[in-house]
Amino acid sequence: MRTLRLKAPSDYALARDYCSYGYFLLAPNRWIVPTKETPGFVRRHFAIDRVVFEVEVTQPAIGGDIVVRSSRSLSAKSRACVERWLRRMLRLDETAAELAAFHKLDPRWKKSGRGRLMRSPTFFEDIIKTITSCNVTWPGTVQMNLRLCEVIGGGAFPDASSLVKARAQTLRARCRVGYRDLRIVELARMFRSRTIDPEWFEDPSTPDAAIREALLELPGVGPYAAANILQLLGRYSHLPLDTESVRHGTTVLGMTGTSKEIMHKVGAHFAPFGAQAFRSYWFELWEFYEAKHGKSWTWERDSTGKLFTASQLKAAAKRAPAGLASSP
DNA sequence: GGTAGACCTGGACGC
DNA sequence: GCGTCCAGGTCTACC
């Protein structure tokens, strides 16, 4: 079978809900922007048993089924894999009722329906993507993911087994991951040996604090990365505070002080949103980006998607009046 | 507990 | 076109 259909929540809108987090711009993900003739759709490669194939993901009508077309015929087992990956990536299991709870706490996003945050098909890919986003500007993250897919994954995102086998030197020289090489190999080894158990991290009954503590034990994962991985796991109480938080605090929220002080203030500013703090914070940032570059579903990976450099954002901030987003 | 410096890459800038 | 500076989060050593 080459086509499968996935049930989506009644309010699901592919363009809005997929183009909701920066990872949608990272390989092997590709968003094909809508034109007058065709609606936008997702294209990416997957690999099963080292066979790489391409899928195209569309949604003919808002709230309607997600339609997946594969470049190769899929067995029942492969179909189940692809369905599980896409349900995770698109957050298809997050219901309209769950989003309503978020909108009740922060009504600013009720009208647009914003709330779902795109993520990777697997926990492993989310962790590696987060590692590639640390201590590097956005175009560097874009490059690293592109090269990891091209050099190691044959077009798809490399799985733990491929990365365990990869030489650190190859990751550094050809994938340009720099000093992250050994950390990436070590993380892959931990996944393969089940030292990292994805089910435990994905289990809703595991407490946030236990997950955060376990994440901070991982190589290359500090407070920022841990908070980011927590949100990718659907746990929104922690903010991944970074230089972007400082820019947002100063230019949009009108805060003053040292970087450390502003990070603290930003954290305190969103604390009233409690378990939804990250989503309130994130959609403010996203609103700022969209004010500068247009709606996210019009962004091209190779043009707009590379504009998020520190200097570009600083320049954009100068053009933006403080108070773009309303306060909580 | 807090802080300084190293880690590596690529963009920005000056010449 | 080349050289230099700087941004970015984590980790380690040191006070």
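Here is how names work: the chains are called A, B, and so on, in the same order as the sequence lines, proteins then strands, and each is numbered from 1.
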Name the orientation class of the two ring planes belonging to [X] and [Y] (parallel below 30°, tilted from 30 to 60°, perpendicular beyond 60°).
| X | Y | result |
| --- | --- | --- |
| A:Phe24 | A:Trp286 | perpendicular |
| A:Trp299 | A:His293 | perpendicular |
| A:Tyr21 | A:Trp282 | tilted |
| A:Phe283 | A:Phe102 | tilted |

Between the protein and nucleotides 11-15 of chain C, are there any N/O to N/O pairs under 3.5 Å, and if so, what are the atom names and distances?
| residue | atom | partner | partner atom | Å |
| --- | --- | --- | --- | --- |
| C:dC11 | OP1 | A:Gly220 | N | 2.5 |
| C:dC11 | OP1 | A:Val221 | N | 3.4 |
| C:dC11 | OP2 | A:Val221 | O | 3.3 |

Residue closer to the 5' end of DNA chain B, A:Asn135 versus A:Arg147 (nearest nucleotide): A:Asn135

Between C:dG9 (P) and A:Ile131 (CD1): distance, integer Å: 13 Å

Euclidean distance, atom CG of residue A:Asp242 to atom P of C:dT10 [Å, nearest integer]: 9 Å

Hydrophobic cluster partners of A:Ile32 (side-chain heavy atoms under 4.5 Å):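 A:Phe41, listed by chain and number.
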
Donor + acceptor pair across side chains of A:Asp159, A:Ser161 (<3.5 Å): no

side-chain N/O A:Thr243 vs C:dG8 OP1/OP2, d < 4.0 Å: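 The answer is yes; a side-chain N or O of A:Thr243 sits under 4.0 Å from OP1 or OP2.
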
Phosphate OP1/OP2 of C:dG8: any A:Ser133 side-chain N/O under 4.0 Å: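 So the side-chain polar atoms of A:Ser133 never come under 4.0 Å of the phosphate oxygens OP1 or OP2 of C:dG8.
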
Proximity to the side chain of A:Lys260 - top-ranked nucleotide from C:dT10, B:dG11, B:dT3: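 Looking only at side-chain atoms, A:Lys260 lies closest to B:dT3.
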
Check ion pair A:Glu94-A:Arg119 (N to O, under 4.0 angstrom): no

Lys/Arg N to Asp/Glu carboxylate O, A:Glu186 vs A:Arg183, below 4.0 Å: no

Sorted by number, the residues of residues 170-179 of chain A with heavy-atom contact under 4.0 Å to DNA chain B: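 Listed by number, they are A:Arg172, A:Arg176, A:Gly178, A:Tyr179.
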
